[in-house]
Amino acid sequence: MIRYQKLGYVALNVTDIDQSRDFYENIVGLKLVEQSENGPVFFRCSRDHHNLVLYPSSTPGLKRVGLEVEDPEQLEIAYNHFKNVGLDPKFLDKEEQRALRQGKTFRIHDPNTQITFEFYSDITQMATEFQPTHTNIARLGHVVIKVPEFEKCLEFLTEVMNFKVSDYHDETLAWMRVFPNPYHHTFAIARGERHQLHHINFMVSDIDDVGRGRNRLIENEVPITFGPGRHGPSGSIFLYFQDPDNLTVEYSFEMEEFPEEKPRKAKLLERHPKTTDQWGGKPDPKFASFGYIEGAVEEVKS
Ligand SMILES: CC(C)c1ccc(C(=O)O)c(O)c1O
Ligand SMILES: [Fe+2]
């Protein structure tokens with residue numbers, strides 16, 4: 001089955017590309033890599049050419065999830081696996097591959113989550129390390145979405161995508177590893193009325209990044225919708241805030257890691273506010289409430 005290196009990048013649709021470029025560069029603290037005329041804007045928080053890509057769109061939300069697999073052999077294994085299960089994987093043409101600065105890359109559209117998943121094993125490594133500015137962003141951490149058919153999505157993500165459940169609420173939330181990546185979750189699904197983006201996450205290296213981040217967001221009048229707090233499932237310290245399209249972004253510090261062999265079994269966690277925030281905090285009503293999933297825009301607009 002597929003062996004992943006990591007969540008490589010997230011592509012978001014944003015309504016004002018310049019406003020969002022400024023936000024993700026100067027408020028979040030990502031490194032701007034390139035901005036093409038009327039096209040996507042590439043950011044990084046690693047040596048990779050990109051870990052976040054913004055596309056101009058009238059429907060803000062999640063456009064695509066880029067998953068890096070361990071090596072070219074794993075890419076072929078993944079391609080053949082998806083072909084065998086009828087998901088019609090399509091390799092990008094040379095032009096789009098080159099524009100993404102990636103090696104061989106293919107995509108599938110998953111009818112369960114309505115997400116376009118992209119798979120690659122090679123991406124251009126930039127000449128210099130990521131140099132943090134105000135926030136020591138360690139990596140793009142995870143993506144969480146809302147899905148109406150929770151059980152079907154969970155079955156697809158575990159049985160077909162080879163994600164592993166780390167913990168779950170009873171049929172309302174599941175946190176998953178992209179095996180064998182060790183982090184408690186790189187992907188999670190929450191039961192919701194419609195397919196929607198819940199949030200994207202950036203892991204930071206120091207608890208002070210969360211504290212300083214809170215004050216910087218307040219100074220810049222960026223809406224904070226939840227936290228600081230401590231998550232029960234992964235143990236992460238967290239802080240959620242909204243981008244210019246009210247998409248939810250999370251900083252988090254520390255996260256439980258799982259061994260590849262003999263990992264602990266997933267916990268069935270009580271659905272309780274203290275599971276989400278051990279410090280007893282409650283989210284703002286706007287928390288994680290905005291964001292289309294590109295494959296399901298019509299559903300939400302109807
Ligand atoms: C409230 C959301 C779904 C959530 C819950 C728990 C964790 C964690 O344990 O790390 C998260 O990262 C979340 O985003
Ligand atoms: Fe999160």
Side-chain angles (χ1 to χ4, degrees), residues 6-7 10 12 28 45 51-52 61-62 65 113 135 137-148 150 153-154 157 163-178 181-205 207 209-210 213-214 217 223-243 246-258 263-291 293:
K6 67 179 191 252
L7 171 62
V10 169
L12 295 177
V28 177
C45 53
N51 302 110
L52 177 74
L62 181 65
V65 172
T113 62
T135 301
I137 297 174
R139 65 188 63 77
L140 170 66
H142 55 262
V143 177
V144 180
I145 61 167
K146 295 181 187 178
V147 293
F150 183 85
C153 290
L154 188 59
L157 293 167
F163 292 3
K164 306 292 182 189
V165 176
S166 298
D167 290 316
Y168 57 106
H169 276 166
D170 51 338
E171 288 130 38
T172 56
L173 248 166
W175 294 270
M176 288 164 271
R177 306 185 300 281
V178 293
N181 184 293
Y183 290 110
H184 175 273
H185 60 286
T186 295
F187 199 85
I189 55 173
R191 185 184 293 279
E193 283 186 18
R194 297 175 183 280
H195 294 88
Q196 281 186 276
L197 174 64
H198 191 283
H199 70 279
I200 66 169
N201 163 282
F202 294 97
M203 295 171 72
V204 298
S205 305
I207 192 161
D209 291 308
V210 178
R214 177 180 177 273
L217 296 169
I224 292 173
T225 53
F226 194 11
R230 183 186 284 277
H231 285 313
S234 72
S236 298
I237 302 288
F238 67 85
L239 178 68
Y240 294 89
F241 50 97
Q242 292 184 313
D243 84 351
N246 294 319
L247 305 182
T248 298
V249 182
E250 178 187 23
Y251 278 151
S252 68
F253 169 62
E254 291 184 340
M255 174 175 270
E256 181 184 5
E257 295 184 38
F258 284 62
R264 70 163 174 81
K265 72 173 186 170
K267 286 180 269 185
L268 172 55
L269 299 167
E270 180 190 7
R271 267 193 83 186
H272 186 284
K274 282 277 179 77
T275 297
T276 305
D277 181 9
Q278 294 190 318
W279 295 353
K282 299 279 186 306
D284 179 287
K286 292 183 184 150
F287 170 64
S289 301
F290 304 95
I293 289 180

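Residue numbers count from 1 along this sequence. Both ligands and their constituent atoms are indexed starting at 1 by order of listing.
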### Message
Here's one to test your reading of the geometry: is the NZ or CZ of Arg177 within 45 degrees of the ring axis of Tyr183 and under 6.0 Å from its centre?
### Response
no
### Sub-4.0 Å heavy-atom contact, His184 with ligand 1
no
### Task
Before signing off on this row, confirm whether Tyr240 and ligand 1 have an N or O atom pair separated by under 3.5 Å.
yes
### Task
Find out whether His198 and Phe287 are in side-chain contact, i.e. whether some heavy atom of one side chain is under 4.5 Å from a heavy atom of the other.
yes
### Query
Looking only at N/O atoms, are His185 and ligand 1 under 3.5 Å apart anywhere?
yes
### Query
Between the Fe ion (ligand 2) and His142, is there an N, O or S atom separated by less than 2.8 Å?
yes
### Task
Can you pull out the closest protein heavy atom to atom 3 (C) of ligand 1? Residue, atom name and distance to 0.1 Å, please.
His198 CE1, 3.8 Å
#### Entry: Any N or O of Thr276 closer than 3.5 Å to N or O of ligand 1
no
### Query
Does Leu12 reach the side chain of Leu197, with side-chain heavy atoms less than 4.5 Å apart?
yes
### Task
Could you walk me through whether Phe187 and Phe163 pass ring-ring contact (aromatic ring centres under 6.0 Å, His included), step by step?
CA-CA 8 Å; Phe187 199 85; Phe163 292 3; 5.6 Å; yes
### Message
What I'd like to find out is whether the side chain of Phe226 reaches to under 4.5 Å of the side chain of Thr276, using heavy atoms alone.
### Response
yes
### Query
Looking at ligand 1, does Trp175 have a heavy atom less than 4.0 Å from it?
yes
### Message
So, 2.8 Å as the limit: is an N/O/S atom of His199 located closer than that to the Fe ion (ligand 2)?
### Response
yes
### Task
Tell me, with the steps shown, if His231 and Trp175 meet ring-ring contact (aromatic ring centres under 6.0 Å, His included).
CA-CA 12 Å; His231 285 313; Trp175 294 270; 8.3 Å; no
### Query
So does Asp167 pair up with Arg264, basic N to acidic O under 4.0 Å?
yes
### Task
Mark up the atoms of ligand 1 that fall under 4.0 Å of a heavy atom belonging to Pro233, in ascending order.
9 (O)
### Message
Restricting to N, O or S atoms, which atom of Glu250 is closest to the Fe ion (ligand 2)?
### Response
OE1
